[in-house]
Amino acid sequence: MKPYSQKVDQKWQARWDAAGLFRTRMGADDKKIYLLEMFSYPSASKLHLGHWWNYSLPDSWGRMKHMQGYDVFHPMGFDAFGLPAENFAIRSGIHPKDSTEANITTMEQQLRGIGCTYDWDTELTTCSPEYYKWTQWLFLQLYKHGLAYRKEAPVNWCDSCKTVLANEQASGGICERCGNEVLRKSMTQWFFKITDYAQELLDGLPALDWPEKTKRIQENWIGRSAGAEVTFDVVDKDLKITVFTSRVDTLMGLSYMVLAPESAYTQAVITPEYADACAAYIQESARKSEIERTGTADEKTGVFTGSYAVHPLTGQQVPIWLADYVIATYGTGAVMAVPAHDERDWLFANKYDLPILEVIADKAGERQPLPYCEHGTLVNSGKYDGLTTAEAKKALVADLAQLGRGNEKINYRLRDWSVSRQRYWGAPIPILYCPDCGAVPVPERDLPVELPYDVEFRPNGQSPLASHAGFRACTCPQCGKPAQREVDTMDTFVCSSWYYLRYPDAHNAAAPWDAEKAKHFMPVDKYVGGVEHAAMHLLYARFIYKALRDMGFAFGDEPFQSLVHQGVILGSDGFKMSKTRGNTVAPDDYVQKYGSDVFRLYLAFGFSYVDGGPWKDEGLLAIARFFAKFQTVVETFIEEGNETAPAQEDKELEYVRHNTIKSVTADIERFQFNTAVARLMELVTAIGKTQRSGHSQAYLRGVIEDFVRLVSPFAPHCADEMWEALGHSDFVYQQAWPVFDEKKLQLDTIELAVQVNGKLRDVVQVPATASQDEIKAAAQALPKIAESLAGKSIKKAIVVPGRLVNFVVG
RNA sequence: GCGGUUGUGGUGGAAUUGGCAGACACGCUGGUCUUAGGAGCCAGUACUUCGGUAUGCGGGUUCGAGUCCCGCCAACCGCACCA
């Protein structure tokens, strides 16, 4: 047996490969596990610690599952389109395709070095035509079913990345990629109708085995709000304005209306007299960045439009204003203002001297200082006086509905997913524009629309593909006239919204997936990746999966049944690893010195998987020591030979052995790798002890082989090396996972804590079969307890089986 | 502002449903074996005035609270003028 090192890794990786050990059976086996980690972005730097952390530990889980008899499908691929490669190309002049392909080659090598159970036969790369052909096909399906559409809309524009961003990628007015401020710009863009699925995306959350935190983030992002729509006439105009409000109960306190500067109603209500002032205001707010607009929440600005709206119930006329505290893309872009009961309206009304009408008192009917934004009782509201907020909502909506002026309405903060990107390195949108036929989808038989190589990708404010004549010029498939291709590419999140469906049949040239295989393998049983995708990838993928179901590709309702977010490994200084801080850890250095298994086992042992924590070199040394220890145990066993003696069990060791099997199995199952390793350490200590005392070799073999099986998910190379040295010619991966024997965990005597009034006083040894009375008697007989109880009366004695006995005395 | 997470020894971290707080390690101390040891083995290691006190702080429920409830504090995360 060779002492464990990187050489051992290489030896076994080669053998596993040759044996095709990790190839999935792909049969109609009922016991399947689809294990998936979020695929990697092909970066120029080597695999970093985060990759090891993200990939090696779920791999341990998958290895156990395989040994438990599951057909484990564990694929890996590359999310290969996207801005970093293109930005790198702009800096270096190296083509994104070339750099990406080179990076992938390197990363594959390094990923193999971890020793994960990937089925490389199903590897996929989103930037290859064989993949993006189907991304384009997906776009066409969505288009065909009205879920992809084109509209001019205010969008998030990053002037540094020269592209539009989805709301999810421009959160807080900051570009998710480069950190620059995002500008608002009106552009014609392609959108996916994710809002059609808002309610279902919300409803599906409770049943998912996902971190609650992540569900909250999605819930928050979808932002359901129940309220009402109210429609107002505009004086002297043939125009109705509909607003959304969650406080229709305050309708009688209406004192003005506000439109977002970019709302659809805006231009129609501006009277000639106020045209200049309004135009100036609209221009001014368009110029402001998202940050400027939201940063000064207390400072409201606005301008009167010259028009008046009519209160649908009282007929009273109220002025219509423009103000950029109203958001064009939420609700209808128009709101009714009730300054007495809304903080924003309060500030605005005070600033511009608009009337303030108090209509809500508190629940007891007492008037409150304004603005009063709680629920309460109606006052000054005519026939609605005295109703509670909830009652008033119902009554008002009913009255409005009779007049055809209102209805209940659910609103969502979620907006449609903007997927157009004015960049080169992405999947071309499979649409063309014909002067006669308009936007025409590329026929499916003509897919893929290939991304040309010889393109000037340095940004000049328009899509790089626009300047490639050969790409742009095409023929309309409907009328045969010259037409022009769409020159924008798709958001890379489109590519990653469906990749999990492609894996089982990654190289199928005839279809995006094999329906039978997809049905068999979906949903993903365990999905592992960073929490930063909570409101992006994880939401998009759920949407696409549901949309596919509704388009007739029925796999199920949810793609990822169980989700785990790995924590973050910090530098040894406790800060996030960064090059500028100089606290990064390069896995390669450690792996060369200690081998993959030592590194993996340290990752398993040193941190809680979902929390992460600071890196410590000393921890790694401790694991190296543990390796030396258990290899010595195995070597000593082999050298001693003599397995002919009768196999005589060691009772104490049997207890540790079966306790280890039980705990390690449960701990790996719930991703508590650190405690699993702790139990393995206890087992090795116990085996060592037995080995040094008088022992039966024939018995020890069984225990040692169990240990090798149990440690193999964390240290697969070293495990196979030991397995071979123990005389086997197959792989540990093919062995059955040990099963614990409950009988071995039952001891003859057990130890119970003895408390007096809840305070620990002593412990008592009793036979495992002792009755409650016998336990009480034994406990009272203890000198310390007798002393504590002396002169006091026992009011109650509580016996918790297997745990403790508590005497309550007065 | 709203929603959420976290807070345990010198350190990393344990503690299924409330039931012996600090598993397993690191570090430290002592012993042992060694020509030697950054190795192995054994023991100790929260604080303590030895009665007790301890899981961010203050209350509460309970025979019993790190765990449940209420109120604070701190750090972090998500959303944020969403009507």
Side-chain angles (χ1 to χ4, degrees), chain A residues 171-173 211-225 227 243-248 250 258 260 293-300 323-327 329-338 341-345 347-348 373 411-415 531-532 534-535 572 574 602 605-608 610-611 613-626 628-629 632 663 666-667 670 672 674-682 685 688-689 692 751-763 795-809:
Chain A
S171 182
E212 288 303 316
K213 166 176 62 175
T214 312
K215 296 189 196 178
R216 289 297 90 70
I217 292 173
Q218 291 211 349
E219 205 176 287
N220 212 325
W221 187 260
I222 295 167
R224 183 184 197 269
S225 170
V243 304
F244 171 75
T245 177
S246 61
R247 290 299 301 272
V248 69
T250 64
V258 199
R293 254 173 98 152
T294 57
T296 54
D298 292 345
E299 257 183 72
K300 306 274 177 272
D324 62 8
Y325 77 85
V326 175
I327 294 161
T329 45
Y330 182 74
T332 61
V335 304
M336 58 177 234
V338 183
H341 307 292
D342 181 282
E343 292 207 26
R344 296 151 302 185
D345 299 344
L347 289 168
F348 193 81
C373 307
N411 231 315
Y412 300 90
R413 187 178 330 205
L414 183 70
R415 287 171 236 164
V531 69
E532 65 274 14
S572 52
Y602 171 55
F605 180 62
F607 318 83
S608 142
V610 295
D611 295 332
W615 175 269
K616 296 275 182 242
D617 276 350
E618 305 85 68
L620 196 87
L621 286 171
I623 292 294
R625 215 175 288 166
F626 175 55
K629 197 168 160 179
T632 305
S663 306
D667 288 347
R670 59 189 176 130
Q672 285 252 333
N674 49 356
T675 48
V677 177
R679 299 293 87 79
L680 288 170
M681 287 172 166
E682 287 169 351
T685 303
K689 231 176 237 174
R692 280 189 298 279
E751 190 184 84
L752 299 175
V754 184
Q755 297 180 337
V756 176
N757 281 345
K759 294 224 188 297
L760 180 68
R761 292 295 173 206
D762 205 349
V763 291
K795 285 184 180 168
K796 206 200 281 186
I798 293 152
V799 179
V800 182
R803 297 270 185 188
L804 56 72
V805 47
N806 185 16
F807 295 106
V808 185
V809 298

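- Taking atom C1' on both nucleotides, B:U17 is separated from B:A65 by 14 Å, rounded to a whole Å.
- Comparing B:A83, B:C81, B:G19 against the side chain of A:Asp324 picks out B:C81 as the nearest.
- With sequence neighbours left out, A:Phe626 forms a ring pair (Phe, Tyr, Trp, His ring centres under 6.0 Å) with A:Phe630.
- Contact detail for A:Met336 and A:Arg247: the closest heavy-atom pair is CE-O, 3.8 Å.
- Rounded to a whole Å, the CD atom of A:Glu212 is 11 Å from the C1' atom of B:G4.
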How would nucleotides 38-52 of chain B be written as a contact map, 5' to 3', with B for base contact, S for sugar-phosphate-only contact and - for no contact, using protein heavy atoms under 4.0 Å? BSSSS---------S

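- Look at the C1' atom in both B:U45 and B:G22: the space between them is 12 Å, to the nearest Å.
- Only the P atoms considered, B:C20 is 34 Å distant from B:G30, to the nearest whole Å.
- Applying the salt bridge (Lys or Arg N to Asp or Glu O under 4.0 Å) test to A:Arg415 and every residue at least two apart in sequence or in another chain returns nothing.
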Could I get a table of every N or O pair under 3.5 Å where one atom is in the protein and the other is in nucleotides 75-78 of chain B?
unit_1: B:G78; atom_1: N2; unit_2: A:Asn220; atom_2: ND2; d: 3.2

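- For B:A83, neither phosphate oxygen OP1 nor OP2 lies less than 4.0 angstrom from any side-chain nitrogen or oxygen of A:Tyr325.
- When the P atom is compared between B:A74 and B:G66, the two are found 24 Å apart, to the nearest whole Å.
- Taking atom P in both B:U67 and B:A15, the straight-line distance is 15 Å, to the nearest Å.
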Output one line per pair: protein atom, nucleotide atom from nucleotides 58-64 of chain B, and distance, for all N/O pairs under 3.5 Å.
unit_1: B:C63; atom_1: O2'; unit_2: A:Asn806; atom_2: ND2; d: 3.4
unit_1: B:C63; atom_1: O2; unit_2: A:Asn806; atom_2: ND2; d: 2.6

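- A search for side-chain hydrogen bond (donor to acceptor under 3.5 Å, both in side chains) contacts involving A:Ser572 returns nothing, not counting sequence neighbours.
- With B:A21, B:A23, B:C79 as the candidates, the nucleotide lying closest to the side chain of A:Arg413 is B:C79.
- Taking atom C1' on both B:U5 and B:G51, the two are 40 Å apart, rounded to the nearest angstrom.
- Considering every non-hydrogen atom in both A:Ala676 and A:Asp667, the closest pair reads N-OD2, 3.4 Å.
- By the side-chain hydrogen bond (donor to acceptor under 3.5 Å, both in side chains) test, A:Arg692 is found to be paired with no residue, residues two or more places apart in sequence or in another chain being considered.
- Straight-line distance between the C1' atoms of B:A46 and B:G59: roughly 26 Å, to the nearest whole Å.
- Applying the salt bridge (Lys or Arg N to Asp or Glu O under 4.0 Å) test to A:Asp342 and every residue at least two apart in sequence or in another chain returns A:Arg344.
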Nucleotide by nucleotide, nucleotides 8-16 of chain B touches protein heavy atoms under 4.0 Å in the pattern (B base, S sugar-phosphate only, - none) ---SBSSS-

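- Taking A:Glu219 as the reference, A:Arg216 meet the salt bridge (Lys or Arg N to Asp or Glu O under 4.0 Å) condition, with sequence neighbours excluded.
- Rounded to a whole angstrom, the distance from the P atom of B:C57 to that of B:G10 is 14 Å.
- For A:Asp345, there are no salt bridge (Lys or Arg N to Asp or Glu O under 4.0 Å) partners, not counting sequence neighbours.
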Dot-bracket assigned to RNA chain B with the 3.5 Å Watson-Crick/G-U criterion, [ ] for crossing and | for other-strand pairs, is (((((((..(((......[....)))((((((.......))))))((....))..(((((..]....))))))))))))....

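- Atom NZ of A:Lys215 sits in a crowded spot, with more than 12 heavy atoms from other residues, nucleotides or ligands closer than 6.0 Å.
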